[in-house]
Protein chains: 2
Amino acid sequence: MTYESALAALSDPMRRTILERVAATPRSVGEIAQDLPISRPAVSQHLKVLKEAELVREERVGTRRIYHADSAALGELRAYVDHMWRTALGAFSDAVAEENQKK
Amino acid sequence: MTYESALAALSDPMRRTILERVAATPRSVGEIAQDLPISRPAVSQHLKVLKEAELVREERVGTRRIYHADSAALGELRAYVDHMWRTALGAFSDAVAEENQKK
DNA sequence: CAGATTCGTAAGTCATGGCTTACGTTAGCC
DNA sequence: GGCTAACGTAAGCCATGACTTACGAATCTG
C-alpha cells in the first residue's frame, strides 16, 4: 500500500510544488531551493519524504543530485483515488435508485 | 482548487477509513464511531474536516445525521492526480528520448 | 413537559511535523 | 593535498493536529 505514504507526502503544499516542478523538468536540490521561500536543507527534508514515498528518485551526477518524478507511486495513488471515486459514484446512484424506489 | 483540502483531509488514515466506510454505505455518527477505536466526538471532528473538503455531505434525519460520500471533490482530486501522473510519465519518456538522442 | 438519544463544540493535553542554523561528508578543481 | 561546491543530517523551536472529557443544543418519546 504505497499510496498511503504518497497521500501523506502530497498533503503538504510545499511538497506538491516541489513534485510539480520536478515532474516538469528534473532539477538539482539547489535549483529547487532557489525558487522557493524555504532553505535548502528544508528542501532536502521534503525530498527525503518524497523519495521514501517513491514519488521521486535521485540521480547522482558529481556532487549534485538530480531529482526526477517517479510515476510508479503516482500510478498507485491514481488507482486508489479512482476506486474511491467510483464507489462514491456508485453509492450515490444506489441512493438515487433507492429514493426512486420509495416513490 | 478543492483538491488541496481533499488531499489534506485524506492524508489522515482514520479519515480515509471513515470515508471508505461511508462511501460503501451511508451511516450515522454513532454507527461510524462504533467500529472505530476512537471516541464519538473524534469522529465528529473528522467528519467536519471531510465535510469542509466536500468529500462528504450530511443528511439530517431526526436527531441523527447520516453521512454520505460526495463524489465531487473526489472527482477533482482524481483529475489532479491523473494530471500529475501523466506529466510524470511524459517527463520520463522525454528523459528516455533525450538519452537515446545522446547515443 | 421530562427524560433520553444523538450529536456538535469547547478546552486542554500530547505527539507530530515543518522550519531554522550548525555541522559533517563527498566529489570536482587548482 | 587544500579549497570550494553541493548536499544530507542533527538539534532545537514552534505551530498544528489528533485525541480526550465535559458540556450544551436539538429532536423524539412517554
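Just so we're on the same page: letters track the sequence lines, and every chain starts at 1.
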Check: Does D/dG17 have OP1 or OP2 sitting under 4.0 Å from an N or O in the side chain of B/H46?
Finding: no
Notebook entry, point to check: Rounding to a whole Å, what distance do you find between A/E31:CD and D/dA6:P?
Noted result: 10 Å
Checklist line | Side chain to side chain, A/T87 and A/H83, heavy atoms closer than 4.5 Å | finding: yes
Checklist line | chain A footprint on DNA chain C, 5' to 3' - any atom under 4.0 Å from a heavy atom | finding: C/dG18 to C/dG28
Margin query: Could you tell me how far apart B/L47 (CG) and D/dA18 (P) are, to the nearest whole angstrom?
Written below: 13 Å
Notebook entry, point to check: Going by heavy atoms in the side chains, are B/L10 and A/V81 under 4.5 Å from each other?
Noted result: no
Next item on the list: Write down the distance between CD (A/E58) and C1' (D/dT9), rounded to a whole number of angstrom.
Entry: 14 Å
Notebook entry, point to check: Do the side chains of A/L7 and B/V49 join up, straight or via other hydrophobic residues, at under 4.5 Å, putting them in one cluster?
Noted result: no
Note to self: Please enumerate all residues that pass salt bridge (Lys or Arg N to Asp or Glu O under 4.0 Å) together with B/E58, with sequence neighbours excluded.
What the structure shows: B/K51, B/R60, B/R65
Notebook entry, point to check: How many angstroms lie between CG in A/L77 and OG in A/S5, if you round to the nearest 0.5 Å?
Noted result: 9.5 Å
Margin query: Please determine whether a side-chain nitrogen or oxygen atom of A/Y67 lies at a distance below 4.0 Å from atom OP1 or OP2 of D/dG8.
Written below: yes
Next item on the list: Take atom CD1 of A/I66 and atom P of D/dA6, then tell me their distance rounded to the nearest Å.
Entry: 11 Å
Check: Has the side chain of B/R57 got a donor or acceptor atom that lies under 3.5 Å from a matching backbone atom of B/A69?
Finding: yes
Checklist line | Side chains of B/I32 and B/R21 in contact at under 4.5 Å (non-hydrogen atoms) | finding: no
Notebook entry, point to check: Transitive ILVMFWY cluster of B/I66 at side-chain heavy atoms under 4.5 Å: who else is in it?
Noted result: B/V61
Next item on the list: Using five pairs at either end of the helix from C/dC1-D/dG30 to C/dC30-D/dG1, determine the angle between the two local helix axes and round it to 10 degrees.
Entry: 20°
Next item on the list: Starting at CD of A/Q45, measure out to CE of A/M14 and round the result to the nearest 0.5 Å.
Entry: 12.5 Å
Notebook entry, point to check: Taking atom P of D/dC19 as reference, at what distance in whole Å does atom NZ of B/K48 sit?
Noted result: 15 Å
Next item on the list: Measure the distance from CZ on B/R65 to P on D/dA26 and round it to the nearest whole Å.
Entry: 10 Å
Next item on the list: Report yes if some heavy atom in the side chain of B/E4 is under 4.5 Å from a heavy atom in the side chain of A/R16; otherwise report no.
Entry: yes
Next item on the list: Report yes if at least one side-chain N or O of B/R15 is closer than 4.0 Å to OP1 or OP2 of D/dA18; otherwise report no.
Entry: yes
Checklist line | Whole angstrom value for the distance that separates C1' of D/dC7 from CZ of A/R27 | finding: 18 Å
Checklist line | B/L55 side chain reached by B/R15 side chain, heavy atoms, under 4.5 Å | finding: no
Check: According to the ring pair (Phe, Tyr, Trp, His ring centres under 6.0 Å) rule, which pairs have a member within residues 3-58 of chain A, sequence neighbours left out?
Finding: A/Y3-A/Y80
Next item on the list: Using the closest heavy atom to pick a nucleotide of DNA chain C for each, name whichever of A/D12 or A/T63 lands nearer the 5' end.
Entry: A/D12
Next item on the list: Specify the residue among A/S11 and A/R60 whose closest nucleotide of DNA chain C lies further upstream toward the 5′ end.
Entry: A/S11
Notebook entry, point to check: Which of residues 35-45 of chain B have a heavy atom under 4.0 Å from DNA chain C?
Noted result: B/R40, B/P41, B/S44, B/Q45
